[in-house]
Amino acid sequence: MPDLTTMPAESKTGQQQGTMGGGETPERLLVTDTRTGKEYQLPISDGTIKSMDLRQIKVSDQDFGLMGYDPAFMNTASCRSKVTFIDGDKGILRYRGYPIDQLAESSSYLEVAYLLMHGELPSSAAMKEWERNITFHTMLHENIKKFMDSFNYDAHPMGMLVSTVGALSTFYPDARDVHNAEARMLQIFRLIGKMPTIAAYCYRHRRGLPYVYPENDLSYTGNFLSMIYKMAEPKYQIDPVLERALDVLFILHADHEQNCSTNVMRSIGSSFADPFVAMAGAAAALYGPLHGGANEEVLLMLNEIGSKDKVGEFIKHVKNGERRLMGFGHRVYKNYDPRAKIIKQTADQVFELTGRNKLLDIALELEHIALEDEYFVKRRLYPNVDFYSGIIYQAMGFPTDAFTVLFAIARTSGWLAQWQEMLMDADQKIARPRQVYLGYDERYYVPRDKRP
Ligand code: ACO
């Protein structure tokens, strides 16, 4: 921590406005502590001050020092990252610098997963090897099948997924070697490879259908569709439109910088727990209705509204604060979520094949009203990625409670890229926030018979 505590601000400014090695003028934040009259200059770097620099601001030597108070990390950067860039005001999303619309148009999910993990697009040879490595890790240990068999017939797929991903940790003790690059990459292959298989087993379990084994000659999403829908036929006929649509949806969901579940992945990973248990935690965070669970909630909401003419009534309840318009609003986007735009185009392609989902009309009406209504305009609430994704998933034949599982498959690459970046980052330590304690001061224990 730089010692900038004592000198008057003017003299320090004069002294420090010299060079920063490279001849740049250092940017500093000037702070006056009105409790003591002392002034401090805190270095600004990449548009941030270090919260640890606040600790030198004290009223006495015994004082712990100033902390930032930021529940829900509304304005706290927890890391420096090179993975994903979002400009929420402009509605921009880029993975490793590449705009999401270009990736959705031209790339594949597995290529995007490589990009997130390695930072660059792969050469043809690297891509072939990457695909091969992931394809060769799609099988699950037979005991995992038995493990999944023990779930109740109506178990929520996300509950099954979270537990099964956690259970994989017991099959791969080598995953604990998180400081070994080779061991880490093996777990990355395993997790990206096995997630569709686990997801498909969750689906089949709910239906009482036999599990279908992965097939190595199929694409990532083609194999997933086969494991979901294959019945007695020797080879499941994959529709290329659905295969590609699912691939695009996976690309759109692959990463989203420091969202709730990624923060959990990094946080658990910061204790050097293995990536299976860390990802089980991340998936659990995703399950919540304010995060990845919103896609399921949107469908329930649209079904509840039932028809276009009931939309106005529903919006009234939202504006009265009785309901939330699920699939709307975002912590970061204060503009149209760029992913929602692409999803609308994908929906058209899917509906051409499957027939139009009647819930789309209700969703379009909700969006139309909300985008013009002062309540939503003032709060800058726009459709997010989940507003339309569920409608497409439903048209593809997925049950509502499987939607978040699909999100989890796609987010696996992002979680792992962020986990790896965290482990490589010399600034990172075990994640451990501070608190502002507002409870009792010390008091004496009262025996039970003396309590009021
Ligand atoms: N419907 C109605 N009002 C809303 C909504 C909504 N969907 N979202 C936010 N608001 C209102 C809030 O009530 C608040 O109003 P106020 O200022 O009068 O109190 C204001 O907009 C700001 O909202 P916050 O809750 O403070 O925003 P925050 O950044 O904390 O929450 C969140 C973001 C959780 C996504 C929120 O918008 C929400 O609950 N949306 C619905 C659930 C959803 O779609 N989640 C998926 C997000 S995308 C993803 O995680 C993959």
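Worth knowing before you read on, the calculation uses all heavy atoms, side chains too, and leaves out hydrogens, waters and symmetry mates. Counting starts at 1 for both ligands and their atoms, following the listed order.
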Where's the contact between [X] and ligand 1, heavy-atom distance under 4.0 Å: side chain, backbone, both or neither?
X: H330; value: both
X: N259; value: neither
X: V298; value: neither

Please determine if [X] has a nitrogen or oxygen closer than 3.5 Å to a nitrogen or oxygen of ligand 1.
X: V385; value: no
X: H291; value: yes
X: R339; value: no
X: R324; value: yes
X: F328; value: yes
X: G327; value: yes
X: L325; value: yes

Requested in this report: Can you spot which of V332, V385, L93, T262 makes a side chain to side chain contact (heavy atoms under 4.5 Å, CB included) with H256?
Outcome: L93
Query raised in the report: Just one of D53, V31, I57, V59 clears the side chain to side chain contact (heavy atoms under 4.5 Å, CB included) bar with L66, so which one?
Result: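 With L66 as partner, D53, V31, I57, V59 yield a single side chain to side chain contact (heavy atoms under 4.5 Å, CB included), made by I57.
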Requested in this report: Indicate yes or no: at least one non-hydrogen side-chain atom of I100 is less than 4.5 angstrom from one of I92.
Outcome: no
Query raised in the report: Does F387 reach ligand 1, in the sense of a heavy atom lying below 4.0 Å from it?
Result: no
Query raised in the report: Does even one non-hydrogen atom of L290 get within less than 4.0 Å of ligand 1?
Result: yes
Query - Nearest-contact summary for atom 18 (O) of ligand 1 - protein heavy atom, Å - result: R379 NH2, 2.9 Å
**Report entry** Distance flag for atom 30 (O) of ligand 1, protein heavy atom under 4.0 Å
**Finding:**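 Within 4.0 Å of atom 30 (O) of ligand 1, protein heavy atoms are found.
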Query raised in the report: Within 4.0 Å of atom 26 (O) of ligand 1 (strictly less), any protein heavy atom?
Result: no
Query - Ion pair check, D425 and R80, cut-off under 4.0 Å - result: no
